[in-house]
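To start, the structure under review is shown below, and the notes come after it.
The structure displayed is predicted, hence computed values, not measured ones. Residue numbers count from 1 along this sequence.
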Amino acid sequence: MLLVVAALAGGLLAGAGSGAAAEGPSLRRATVAACTNDQLVAAGAQRTGSSEVRVTVINESSTPCVLTGYPGVALAGLGSPDRNKPLGAVHRGTAGPVQLPVGGRASAELTFTPVLGEAGGYCVSGAPPSVAPSIVLFVAGGGYQLGPDDGGDFALCGNTVQVTAFRAAGS
């Protein structure tokens with residue numbers, strides 16, 4: 001017991017010396033702030049399947065940031081992103097912090113209820129499909145209007161989209 005007390009006291013006294021000891025690697029770590037919409041740009045909406053899209057954001061600021069959570073999604077036309085039709089989000093997976101260094105990327109997957117058939121298509125539910133040339137991706141307090149990478153339209157049945165949490169791009 002005496003050895004433990006002596007070891008603890010020695011460790012505390014060693015850290016109480018000059019400022020050099022207080023600037024060790026474990027104390028130099030700065031807290032990284034949450035990403036803001038001013039730091040991020042949307043890199044695109046890449047189709048990964050007939051009803052799946054990967055959306056990616058990039059930290060284009062001069063400082064790192066942390067992105068946590070799920071994006072919001074709305075259907076939009078070719079005009080203002082403020083004129084959109086919000087979609088309900090069904091979250092998939094667990095959200096955790098994603099460290100975005102300068103130039104770092106984070107992606108989330110969107111899965112729409114597919115429209116079936118050719119040309120005009122149909123919904124199994126009997127409801128008319130929704131079709132839009134762009135979506136608005138809501139992340140870090142901002143909205144980013146994106147068209148699909150193949151130049152087509154977004155088409156879905158219903159008013160919901162399944163959304164994964166952001167994760168570092170490539171993971």
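- The side chain to side chain donor-acceptor pair (under 3.5 Å) analysis of residues 86-103, with sequence neighbours excluded, yields the pairs Arg92-Thr111, Arg92-Gln162.
- The cluster map of Ile, Leu, Val, Met, Phe, Trp and Tyr, joined by side-chain heavy atoms under 4.5 Å apart, puts Leu110 and Phe138 in different clusters.
- Side-chain N or O atoms of Asn159 include none that pairs as donor or acceptor with a backbone N or O of Leu87 at under 3.5 Å.
- In this structure, the side chains of Arg105 and Val57 stay at 4.5 Å or more apart for every pair of heavy atoms.
- Residue Leu146 is grouped with residue Val53 when hydrophobic side chains (ILVMFWY) are merged at heavy-atom distances under 4.5 angstrom, including chains of intermediate members.
- Counting only distance, with no hydrogens or angles, the side chain of Asp149 and the backbone of Gly44 share no donor-acceptor pair below 3.5 Å.
- Taking each heavy atom of Asn59 and Thr63 in turn, the nearest pair found is ND2-O, 2.9 Å.
- For Arg47 and Phe154, the positive end sits near the middle of the six-membered ring, less than 6.0 Å away and at most 45° from its axis.
- Side-chain contact between Pro86 and Asn84: present, with at least one pair of heavy atoms (C-beta onward) separated by less than 4.5 Å.
- Under a 3.5 Å cut-off, the side chain of Thr56 and the backbone N or O of Ser107 do not form any donor-acceptor pair.
- In terms of heavy-atom proximity, Asn37 sits nearest to Val139 at CB-O, 4.3 Å.
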Enumerate, atom names and distances included, each donor-acceptor pair closer than 3.5 Å involving a side-chain atom of residues 69-78, sequence neighbours excluded.
{"residue": "Tyr70", "atom": "OH", "partner": "Gly93", "partner atom": "O", "Å": "2.5"}
{"residue": "Tyr70", "atom": "OH", "partner": "Ala95", "partner atom": "N", "Å": "3.4"}

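- Side-chain contact between Val55 and Tyr144: absent, with no pair of heavy atoms (C-beta onward) separated by less than 4.5 Å.
- Taking every heavy atom of both residues into account, Ala89 and Val163 meet most closely at CB-CG2, 4.1 Å.
- Distance check, rounded to the nearest 0.5 Å: OG of Ser134 to CG of Asp153 gives 9.0 Å.
- Atom CZ of residue Phe112 and atom SG of residue Cys157 lie 12.0 Å apart, to the nearest 0.5 angstrom.
- Side-chain contact between Arg167 and Glu109 is present, with at least one heavy-atom pair separated by less than 4.5 Å.
- The two residues Cys35 and Leu67 have their closest heavy-atom pair at SG-N, 3.8 Å.
- Between Pro64 and Pro101, the shortest heavy-atom contact is CB-CA, 4.0 Å.
- When all heavy atoms of Ser130 and Lys85 are compared, the pair lying nearest together is OG-NZ, 3.2 Å.
- Looking only at atom types and distance, the side chain of Asp38 has no donor-acceptor partner in the side chain of Thr36 under 3.5 Å away.
- Screening Leu100, Leu137, Ile58 against Leu40 for a side chain to side chain contact (heavy atoms under 4.5 Å, CB included) leaves a single residue, Leu100.
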